[in-house]
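Input: a single structure, listed below in structure tokens.
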Protein chains: 2
Amino acid sequence: MLVIGEKINATRSSIKEIIQNRDAAALLQLAEKQAAAGAGYIDVNVGTGVGTLEDEMDSMQWAVRTIQDSLDTPLCIDSADPKVLETGLKARDGRPSMINSTKAEQKGLDEVVPLAQKYEALLVGLTMDESGIPKTADDRLRAADKIVAACEAHRVPLKNVYFDTLVMPISTDVKQGLVTLETLTQIKRKYPEAKTVLGLSNISYGLPQRSRINAAFMQMAIYAGLDGAIIDPLDTELMAAITSGEVLVGKDRHCRKYMRAFRHRT
Amino acid sequence: MLVIGEKINATRSSIKEIIQNRDAAALLQLAEKQAAAGAGYIDVNVGTGVGTLEDEMDSMQWAVRTIQDSLDTPLCIDSADPKVLETGLKARDGRPSMINSTKAEQKGLDEVVPLAQKYEALLVGLTMDESGIPKTADDRLRAADKIVAACEAHRVPLKNVYFDTLVMPISTDVKQGLVTLETLTQIKRKYPEAKTVLGLSNISYGLPQRSRINAAFMQMAIYAGLDGAIIDPLDTELMAAITSGEVLVGKDRHCRKYMRAFRHRT
């Protein structure tokens, strides 16, 4: 499972402060902690919601350089704006990157997908379009189809594409968990080289004891074939759920990783 | 999820003593505790491994009568011998029962399956035959096919049959979890009216922190469509896993059961 650490996201006020104050030590610590906890990629989202596009581009360049000067862990450049994405990718200077994200809407397909080719980056494709998140697996699959077509047109190999089949709170509609997983299953079947990813914790929004629901949904998603998760890697219960789940689907040969993690814990 | 409480099993020494001493109070307490914890059926296995077949028949009659005199919860009559099964079913005197179990071998198909018809009981069908537990899902499905044929011949409706797709320790072969779940999925697809059941905790045998693995496997099985579980209902973590998992597959309308269980817990 590719864990993408979600903590550096400027929509959270503590992160916004770090970005605005150019607090390099705090930023780097956040990245290092996530890497040490098992994140394979560190997501970097510097959109504070205030200031100009140029401010966000500056922030992205600063954040990327600050982290990569001290840490080898690959970065996931996260923005709604293609210019900010390209600023981050350029700053990476050939180091491995992931782009988060494009939807199946024209602007993303025309401007974000080519960046994945140009910078040989992994690409997160959201299975939604300009009209929002489809309610059914079939409609989400249609969004994936459009992204696949754009990737083929721009020579982005499907093995580099992580489809996010989009998690909605189960508290507002108990059928939505199955829609997310069914979309995931269908994508794996239709595009075997493509990968899948989920930003998982939204599933439990509005419920008590959220970590129970998050862990349960993680297990189901692992069984459905999930390849990546955008989560807080410092959430030890959720990370333990990944370790346990991967044993059960045969991805942990001889249970070695599980034994290493839990042999000495009570 | 139909929870079948597994605690009254005379292969455990403490239960063996209760059976041998005809300790009615202790037996009843075990049954009542499991019912209170959410068991829909209470499994009754009185095979102590010593004594004659007649002894086991006596014990079964005693155990069934002792429990049903005070408790309405249906019983799951559990024995390898058809005569013991029938003794238990007769003692039930028309009350709802489950038979645990038949394999796809001639003796079971000829002698156990007809009991399900005669006593209108639910029937656990193990997806194995005289040669043991098949290694592949296809071979386990073939065992299910034989049980289905016998049920049709003896007019046992498939909606009354719970196929146990058999759990093996993941520590001895990491592929076996997927074989169990794949068999379950195939049975649900081929025989939509039929039910499925697992004796789950064997999956974690030989590993540390077994409850993690048990809960994770429960989530995957719930997603695969599991209808029943032969477990210890006093295992609060596993019962919580069922409650969490059923929310995610849409079986808990408006999350009511989940809210009731966890609203006030920290």
Side-chain angles (χ1 to χ4, degrees), chain A residues 167 169-182 184-185 200 203-225 237 239-266, chain B residues 167 169-182 184-185 200 203-225 237 239-266:
Chain A
V167 170
I170 200 83
S171 57
T172 57
D173 177 358
V174 292
K175 297 290 180 196
Q176 278 301 315
L178 289 176
V179 171
T180 299
L181 297 175
E182 176 61 22
L184 201 158
T185 304
L200 202 116
I203 192 77
S204 58
Y205 180 83
L207 290 178
Q209 301 213 7
R210 294 184 62 174
S211 67
R212 283 187 189 281
I213 296 287
N214 293 347
F217 197 62
M218 178 62 89
Q219 304 304 353
M220 295 180 184
I222 287 172
Y223 180 54
E237 272 310 304
M239 293 297 277
I242 294 175
T243 307
S244 309
E246 295 211 313
V247 170
L248 290 168
V249 297
K251 287 187 177 168
D252 181 7
R253 273 188 74 200
H254 307 300
C255 310
R256 281 212 187 100
K257 212 172 155 190
Y258 182 85
M259 291 301 287
R260 211 160 44 231
F262 297 116
R263 194 169 28 200
H264 301 297
R265 284 168 62 176
T266 51
Chain B
V167 171
I170 200 82
S171 57
T172 57
D173 178 359
V174 294
K175 297 290 180 197
Q176 277 301 314
L178 289 175
V179 171
T180 300
L181 297 175
E182 177 60 22
L184 201 158
T185 304
L200 202 116
I203 192 78
S204 58
Y205 180 82
L207 291 177
Q209 301 213 7
R210 295 185 61 176
S211 67
R212 283 187 189 281
I213 295 288
N214 293 347
F217 196 62
M218 177 64 87
Q219 304 305 352
M220 295 180 184
I222 288 172
Y223 179 55
E237 273 310 304
M239 292 297 277
I242 294 176
T243 307
S244 309
E246 296 212 311
V247 169
L248 290 168
V249 296
K251 286 187 177 168
D252 181 7
R253 273 189 73 202
H254 307 301
C255 311
R256 281 211 186 98
K257 213 173 155 191
Y258 183 85
M259 291 300 288
R260 211 159 46 230
F262 298 116
R263 193 170 29 200
H264 301 298
R265 282 167 63 176
T266 49

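No experiment lies behind these values; they were computed from the predicted model shown. Order of the sequence lines fixes the chain letters, A, B, ..., with proteins taken first and strands second; residue numbering starts at 1 for each chain.
- Only the side chain of B:I203 comes within less than 4.5 Å of a heavy atom of chain A; its backbone N, CA, C and O stay farther away.
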Side-chain polar contacts of residues 214-223 of chain B - donor-acceptor pairs under 3.5 angstrom, sequence neighbours left out - could you list them?
from   : atom 1 : to     : atom 2 : distance (Å)
B:N214 : OD1    : B:S204 : OG     : 2.7
B:Q219 : NE2    : B:A241 : O      : 3.0

I'd like a table of donor-acceptor pairs (distance under 3.5 Å, sequence neighbours excluded) in which one partner is a side-chain atom from residues 170-178 of chain A, with atom names and distances.
from   : atom 1 : to     : atom 2 : distance (Å)
A:S171 : OG     : A:Y205 : O      : 2.7
A:T172 : OG1    : A:P169 : O      : 2.9
A:D173 : OD1    : A:K175 : N      : 2.9
A:Q176 : OE1    : A:R140 : NH2    : 2.7

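- Comparing A:T243, A:L207, A:L248 by how many heavy-atom pairs each has under 4.5 Å with chain B, the most go to A:L248.
- Most heavy-atom pairs under 4.5 Å with chain B: of the set A:D252, A:L181, A:T180, this distinction falls to A:L181.
- Taking NE2 from B:H264 and CD from A:Q209, the interatomic distance works out to 11.5 Å, rounded to the nearest 0.5 Å.
- Only the side chain of B:T185 has a heavy atom closer than 4.5 Å to any heavy atom of chain A.
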